[in-house]
Amino acid sequence: MQIHEMGVKATVQALKERQLSCKEVTEHYLKRSEKLNPNLNAIVCANEDVLVQAEALDQKKDKDGILFGAPIAIKDLFCTKGIKSTACSNILNNFVPPYTATCVSRLQNEGALILSKTNMDEFAMGSSNEVSLFGACKNPWDQTRVPGGSSGGSAAAVSAGLAPAALGSDTGGSIRQPASFCGVVGVKPTYGSVSRYGMIAFASSLDQAGPMANSVEDCALLLEAMIAKDSKDATNAPRKVGPLINLQIPSIKGRRLGLPKQYFEGELSEGVHSAIDKIIDLLKKEGAELVEIDLPHTSFAVPVYYLVATSEASSNLSRYDGIRYGLRVEKDDEGLPVKDLHEFYSITRSKGFGEEVQRRILLGTFSLSSGYFDQFYLKACQVRRKIYCDFQEAFKNCDALLAPVATHTAFRLGEKISDPMAMYYNDVYTTAASLSGLPAMSLPIGLDQQNLPIGLQIMSPPFQEDKMLELALKIEELASFKEKPNVW
Ligand code: GLN
């Protein structure tokens, strides 16, 4: 078996038993990146010191830590001390943070190495990883298609075996949708369970960091390391999630699993629908009880999300003003010095932000402005509460919800780029869980007729990651999805 086929857990074990060295493992992934990344564009920046760090680990007598020696790819949204962290935006093009995001340093505390930084949609705003300072990332299953977004680089890197696992972030679906498009497992934890400190902010009431890997067990291992109380993030909850290592495949006899009916109507493609139906049949055979669930406010999730997320983004991104840090443009296109402060802001921000980010800043500023606040932002917050209450009702009746992640499998590069509304509606099945702060994940369950991976979404009550991941282990076993892209 080759190193990239081993996954995190087996690699760590082999390193602890000295069957492999950290240097060997890291070199293997670096070589694969060298060969495959020029086409895929999943990785945007390497950690220059990773081999030295791997060698230092090899010298250590105690091989402690649940991630000992595992090289992990990190979405470029997370600050990494001494390594460029750009959010794939021109405005942060030269930003080298003086500190590391808490969730990344927690991985390091468990012995993980930062392997590289991965491509993403600028400031995590997108569903296709096409709007990035570094250009589009490609889907390893079909390089004419998108890997999904915004954590497309992380999903593609794991799917192509350029890293055994990666960190992503999910504001409205950015871990689950690319995981689904690339055939990997991706977990968005309960809002507040993983610290947001050092994660470049998009929409603070929604942003959550989470793991992506080739198995449920590997995701659980990373999440175990990441979940902890951090006083540097005021919205971070004390740890309420049970232990995530050594999870067992449960019996699901008599378990009530919900199928939200609104997620199976409308645009859902035949291929995705029938893959989920197959899993439902297998679950029934195992004695699970599948119940239909009504989530009446589902259709409001996308509009509410795009009001809340853009409003928060307009506020969060106001810090990039060319003065405090980030890009600074002091001359106009003719090379003449800017006339005043206003022109300085305007030129810096126009050159620093891409079109999609500018669109969202405008939208958010509009919905927060006096005169429109009640009509848009406040109304959106009220409907957000209703969406949350739908889930609360639902979980009185079932343990977890099963649903599609996206209506279709990966679409073609360029297909939706000029139609923002079509792009936004890609998030139709992922935004409701984000608005409600629920843990939710994507699990690969099969391929469609074009040989593209299909993800199943599992959503759980808050802080029940342990139960959600155990259920995922069971479904992973039933689905027995073993296919890999050709580049594997
Ligand atoms: N696709 C959604 C958006 O464009 C979600 C992004 C995310 O989760 N970061 O906002």
Side-chain angles (χ1 to χ4, degrees), residues 74-78 87-89 118-132 136-137 146-155 166-182 186-189 191 194 196 199-212 301-314 316-317 353-364 367 380 384 405-408 410-411 415-417 419-442 455 457 459:
I74 310 286
K75 185 176 183 177
D76 208 25
L77 191 72
F78 296 95
C88 291
S89 178
T118 59
N119 205 346
M120 56 183 280
D121 286 298
E122 183 179 0
F123 281 104
M125 297 176 187
S127 306
S128 65
N129 205 150
E130 291 173 287
V131 289
S132 158
C137 173
V146 304
S150 64
S151 312
S154 292
L167 274 201
S169 74
D170 193 310
T171 303
S174 277
I175 289 178
R176 289 162 283 160
Q177 187 253 25
S180 161
F181 280 14
C182 292
V187 184
K188 179 198 98 72
Y191 179 80
V194 173
R196 287 184 296 110
M199 181 173 158
I200 297 169
F202 163 12
S204 307
S205 77
L206 297 156
D207 297 342
Q208 265 298 281
M212 302 170 94
V302 169
V304 167
Y305 169 80
Y306 277 93
L307 283 168
V308 172
T310 57
S311 299
E312 293 184 18
S314 84
N316 273 328
L317 271 56
F353 294 130
E355 195 181 309
E356 179 59 26
V357 174
Q358 291 187 30
R359 180 182 295 121
R360 294 195 188 203
I361 293 173
L362 289 175
L363 241 162
S367 70
R384 179 179 187 174
V405 176
T407 55
H408 293 77
F411 50 91
E415 194 178 316
K416 299 188 195 232
I417 196 73
D419 185 352
M421 287 305 279
M423 196 67 99
Y424 296 170
Y425 268 92
N426 235 283
D427 307 326
V428 62
Y429 300 142
T430 50
T431 42
S434 299
L435 289 165
S436 310
L438 304 179
M441 63 182 289
S442 174
Q457 183 171 204
M459 294 175 264

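This structure is a prediction, so every number in the text was calculated from the model and none was measured. Order of appearance sets the numbers: ligands from 1, and atoms from 1 within every ligand.
Backbone and side-chain nitrogen or oxygen atoms of K75 are examined, and none is located within less than 3.5 angstrom of a nitrogen or oxygen of ligand 1. Between T171 and ligand 1, at least one pair of N/O atoms sits closer than 3.5 Å. Geometrically, ligand 1 and S169 share no nitrogen or oxygen pair separated by less than 3.5 Å.
Residue, atom and distance of the protein heavy atom nearest to atom 7 (C) of ligand 1 are S174 OG, 2.4 Å. The protein non-hydrogen atom at the shortest distance from atom 5 (C) of ligand 1 is Y305 OH, 3.3 Å. Nearest protein heavy-atom neighbour of atom 1 (N) of ligand 1: S127 OG, 2.8 Å.
The part of R360 lying near ligand 1 is the side chain, judged by heavy-atom distances below 4.0 Å. At a 4.0 Å heavy-atom cut-off, ligand 1 touches D427 through the side chain alone. Only the side chain of S150 comes within contact range of ligand 1, with a heavy atom under 4.0 Å; no backbone atom does.
Ligand 1 lies less than 4.0 angstrom from a heavy atom belonging to G126. For the pair Y424 and ligand 1, no heavy-atom separation below 4.0 Å is found.
Atoms of ligand 1 found under 4.0 Å from any heavy atom of F202, numbered from 1 in the order shown, are 9 (N), 10 (O). Remark: ligand 1 atoms within the under-4.0 Å shell around heavy atoms of M125 are 4 (O). Heavy-atom contacts of A124 reach the following atoms of ligand 1: 6 (C), 7 (C), 9 (N) (cutoff under 4.0 Å). Shown in contact with G172 at under 4.0 Å from a heavy atom are these atoms of ligand 1, numbered in order with element: 5 (C), 7 (C), 8 (O). Ligand 1 places these atoms under 4.0 Å from at least one heavy atom of Y306: 1 (N), 2 (C), 3 (C), 4 (O), 10 (O).
Side-chain atoms of M120 and S174, non-hydrogen and from C-beta on, never get closer than 4.5 Å to each other.
Considering V187, D427, T430 as possible partners of R176, the one that fulfils the side-chain contact (heavy atoms from CB on, under 4.5 Å) test is T430. Of the residues listed (S128, S127, S132), the one engaging E130 in a side-chain contact (heavy atoms from CB on, under 4.5 Å) is S128, and it is the only one.
Relative ring orientation between F202 and Y305 is described as perpendicular, the plane-to-plane angle rising above 60° on a 0-90° scale split at 30° and 60°.
Separating the CG atom in L317 from the CZ atom in F123 is a distance of 4.5 Å, to the nearest 0.5 Å. Note that CG of N119 is 10.0 Å distant from OG of S150, once rounded to the nearest 0.5 Å. Separation of atoms CG (D207) and OH (Y191) is listed at 7.5 Å; rounding is to 0.5 Å.
Around atom CD of Q358, more than 12 heavy atoms belonging to other residues, nucleotides or ligands sit under 6.0 Å away.
In the model, K75 has a side-chain atom that pairs as donor or acceptor with a side-chain atom of S151 under 3.5 Å.
P211 approaches I175 most closely through the heavy-atom pair O-CG2, 4.2 Å.
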